[in-house]
Q: 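For reference, the structure I am asking about is given below.
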Amino acid sequence: MTDLLLLCLAGTAAGLLNAVAGGGTFLSLPALIYVGVPPVAANATATLSALPGYMSSAWGFRGDMRAEGTLGLRAILCLAALGSILGALLLIVTPGETFLWIVPWLLMLATALFAVGPKLLMLLRQRGDGIAGPVLSGAAILAVSIFGGYFNGGLGIMLLATFGLLGHVDLHGMNGLKNVMAAVLSFVSAAAFVWADLIAWEQAAVMALGAMAGGYVGARLSRRIVRTDLLRGFITLVGASMTVAFFVM
């Protein structure tokens with residue numbers, strides 16, 4: 001019961017953070033490994049359990065999404081599906097010990113990108129809309145999709161930064177598109193993980209229920225958060241702490 005409660009709380013908090021700013025995997029992945037799920041299976045389970053949260057928060061942002069940038073929504077989602085398949089297949093063939101060695105480096109990269117995200121977005125916006133053409137935009141979407149299919153951590157801020165590169169400027173719309181694209185990434189890669197029998201179903205079900213509630217609440221509350229810098233600082237601290245913890249394991 002203690003493990004199930006921990007997973008439910010971690011899933012709820014992860015769903016809320018993913019909706020507002022990203023970084024939910026910093027909580028869900030360590031929680032799954034803590035309760036005994038093997039590393040590769042934990043990453044696959046965290047990806048599946050995040051899906052309901054992405055879907056509910058995308059629904060919460062449904063009125064904010066607008067057409068921006070040089071790529072249409074259909075092209076973005078097709079590239080996301082392709083990249084997530086490639087990333088998921090890469091994870092499936094990664095041995096557990098190798099992935100456990102890679103995890104802290106991925107967490108460190110995701111934490112660093114999350115920490116510098118606002119400044120990166122500011123620099124991209126200062127360069128103006130439409131700074132990337134369709135080819136570069138497509139390559140960027142494909143690259144971040146491969147990363148997201150392999151490792152869900154830090155995906156939110158990487159998507160926001162990529163959208164800034166594509167010329168998007170409306171943050172609420174970007175958040176909505178981020179969650180739609182993350183839902184597609186999670187759905188496609190999770191299907192591959194199910195096929196490979198990597199999902200810890202009991203833990204995934206508990207965490208998914210929490211993520212769904214947290215994702216919707218996070219989307220509804222995001223406009224009311226004034227000090228987003230404090231929230232981002234807290235998530236960065238969590239990511240840094242998890243990075244250190246995995247390095248010393």
Q: Same hydrophobic cluster for Ile85 and Leu198, using side-chain heavy-atom links shorter than 4.5 Å among ILVMFWY?
A: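 Ile85 and Leu198: one cluster.
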Q: Quick check for you: to the nearest 0.5 Å, what is the distance between Thr47 atom OG1 and Leu91 atom CG?
A: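 One gets 7.5 Å once the value is rounded to the nearest 0.5 Å.
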Q: For residues Val188 and Ile199: do they belong to one hydrophobic cluster (side chain heavy atoms under 4.5 Å, members Ile, Leu, Val, Met, Phe, Trp, Tyr)?
A: yes
Q: Taking atom OG of Ser84 and atom CE of Met181, what is their separation to the nearest 0.5 Å?
A: 9.0 Å
Q: Would the distance check show the side chain of Thr94 and the main-chain N or O of Phe99 forming a donor-acceptor pair, the cut-off being under 3.5 Å?
A: no
Q: Rounded to the nearest 0.5 Å, how far apart are CG of Leu7 and CE of Met207?
A: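 Those atoms lie 4.5 Å apart.
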Q: If I take atom CG from residue Leu32 and atom CG from residue Leu6, how far apart are they, to the nearest 0.5 angstrom?
A: 9.0 Å
Q: For the side chain of Ser49 and the backbone of Ala46, is there at least one donor-acceptor N/O pair under 3.5 Å apart?
A: yes
Q: Is there side-chain contact between Leu77 and Val180, with at least one heavy-atom pair below 4.5 Å?
A: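 Yes - at least one pair of side-chain heavy atoms lies under 4.5 Å apart.
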Q: Does Leu29 offer a backbone N or O that forms a donor-acceptor pair with the side chain of Asn43 under 3.5 Å?
A: no
Q: Is there side-chain contact between Trp101 and Phe247, with at least one heavy-atom pair below 4.5 Å?
A: no
Q: Are any of the side-chain heavy atoms of Phe147 and Leu106 separated by less than 4.5 Å?
A: yes
Q: Give me the atom names and distance for the closest heavy-atom approach of Ala192 to Ala88.
A: CB-CB, 3.9 Å
Q: Do Trp201 and Phe187 belong to the same hydrophobic cluster, where Ile, Leu, Val, Met, Phe, Trp and Tyr are linked whenever their side-chain heavy atoms lie under 4.5 Å apart, directly or via other members?
A: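 Yes, one cluster joins them.
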Q: Would you say that Leu48 contacts Phe193 through its side chain, given a criterion of any heavy-atom pair below 4.5 Å between the two side chains?
A: no
Q: If hydrophobic clusters are built from ILVMFWY residues whose side chains come within less than 4.5 Å, do Met55 and Val194 share one?
A: yes
Q: Should Leu82 and Trp195 be counted in the same cluster of Ile, Leu, Val, Met, Phe, Trp and Tyr side chains packed under 4.5 Å apart?
A: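 As far as the 4.5 Å side-chain criterion goes, Trp195 and Leu82 are not connected within one cluster.
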Q: Once you round to the nearest 0.5 Å, how far does CG of Leu185 lie from CG of Leu79?
A: 10.5 Å
Q: So which heavy atom on Ala80 is nearest to which on Val184, and how close?
A: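 Answer, listing the atom of Ala80 first, then Val184: CB-CG1, 4.4 Å.
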Q: Distance from Thr12 atom OG1 to Leu27 atom CG, nearest 0.5 Å?
A: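 One gets 11.0 Å once the value is rounded to the nearest 0.5 Å.
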Q: Could you pull out the closest heavy-atom pair between Gly24 and Ala14, with the gap in Å?
A: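 Scanning both residues completely, I find the closest heavy atoms to be O-CB, 3.3 Å.
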Q: Mind checking whether Glu202 and Leu4 have side chains closer than 4.5 Å, heavy atoms only?
A: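 Yes - at least one pair of side-chain heavy atoms lies under 4.5 Å apart.
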